[in-house]
Enquirer: 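My questions all concern the structure below.
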Amino acid sequence: QVQLVESGGGLVQPGGSLRLSCTASGSSSSILFRSWYRGNQRKLVASINSSGSTNYVDSVKGRFTISRDAAKNTVYLQMNNLKPEDTAVYYCYVRTVGNSFWGQGTQVTVSS
């Protein structure tokens with residue numbers, strides 16, 4: 001089992017920045033794939049695999065950066081130049097061999 005704790009959401013004005021964090025505990029050494037999703041339909045925003053290769057949805061390319069700190073078992077989502085359409089609940093998601101886990105979600109609101 002892997003437990004995920006997210007933090008970093010909040011209210012920010014358009015053009016502002018936030019950094020989301022997702023820290024894993026439990027069998028975190030077995031994590032192969034980390035990603036961030038958002039919204040009620042949980043659409044993929046960004047992902048990073050165990051080799052460090054990243055992938056982004058077109059709407060966030062050039063604005064968001066996903067990264068990981070293996071020593072801290074943490075994946076980050078740096079979000080710059082935020083837009084109102086980025087408003088959503090953001091979920092951390094990790095995949096191991098044969099299983100997957102979701103974080104509890106953190107609210108990001110972009111509004112003036």
Enquirer: With hydrophobic residues grouped by side-chain heavy-atom distances under 4.5 Å, do Val110 and Tyr56 end up in a single group?
Expert: yes
Enquirer: Could you tell me whether the side chain of Cys92 reaches within less than 4.5 Å of the side chain of Trp36, counting heavy atoms only?
Expert: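 Sidechains of Cys92 and Trp36: in contact.
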Enquirer: Output yes when a side-chain donor or acceptor of Thr109 lies under 3.5 Å from a complementary backbone atom of Thr87, and no otherwise.
Expert: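 Side chain of Thr109 to backbone of Thr87, a donor-acceptor pair under 3.5 Å: no, none is there.
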Enquirer: Looking only at heavy atoms, what is the nearest atom pair of Leu82 and Leu18, with distance?
Expert: CD1-N, 3.8 Å
Enquirer: For the residue pair Thr23 and Thr74, confirm or rule out a side-chain donor-acceptor distance under 3.5 Å.
Expert: yes
Enquirer: Counting N and O atoms only, with roles assigned by atom type, does the side chain of Arg95 sit under 3.5 Å from a partner on the main chain of Phe33, one being a donor and the other an acceptor?
Expert: no
Enquirer: For a quick test of reading the model, state the closest non-hydrogen atom pair linking Arg34 to Val75 and the distance between them.
Expert: CD-CB, 3.8 Å
Enquirer: Ignoring hydrogens and geometry, is there a side-chain-to-backbone donor-acceptor pair from Glu6 to Cys22 under 3.5 Å?
Expert: no
Enquirer: Tell me, do Val45 and Met79 make a side-chain contact under 4.5 Å, heavy atoms counted?
Expert: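 With C-beta onward as the side chain, the pair stays apart.
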Enquirer: For Leu44 versus Ser35, what's the shortest heavy-atom pair and its separation?
Expert: CD1-CB, 3.8 Å
Enquirer: Closest approach of Gly39 and Tyr91, non-hydrogen atoms and distance?
Expert: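 Heavy-atom minimum between the residues: O-CE1, 3.8 Å.
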Enquirer: Got a salt bridge between Lys83 and Asp86, using NZ or NE/NH1/NH2 to carboxylate O under 4.0 Å?
Expert: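 No salt bridge links Lys83 with Asp86.
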Enquirer: Decide whether a cation-pi geometry holds between Arg42 and Tyr37; the criteria are a distance under 6.0 Å from NZ or CZ to the six-membered ring centre and an angle within 45° of the ring axis.
Expert: no
Enquirer: Is Tyr93 reaching over with its side chain to a backbone N or O of Ser47, donor-acceptor style, under 3.5 angstrom?
Expert: no
Enquirer: Looking only at side-chain N and O atoms, does Asn80 offer a donor or acceptor that is under 3.5 Å from a partner on Ser17?
Expert: yes
Enquirer: Would you say that more than 12 heavy atoms from the other residues, nucleotides or ligands in this model lie under 6.0 Å from the CD of Glu85, or not?
Expert: yes
Enquirer: Kindly work out whether a path of hydrophobic side-chain contacts (I/L/V/M/F/W/Y, heavy atoms less than 4.5 Å apart) joins Ile31 to Ile48.
Expert: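 No, separate clusters.
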Enquirer: Report yes if some heavy atom in the side chain of Val97 is under 4.5 Å from a heavy atom in the side chain of Leu32; otherwise report no.
Expert: yes
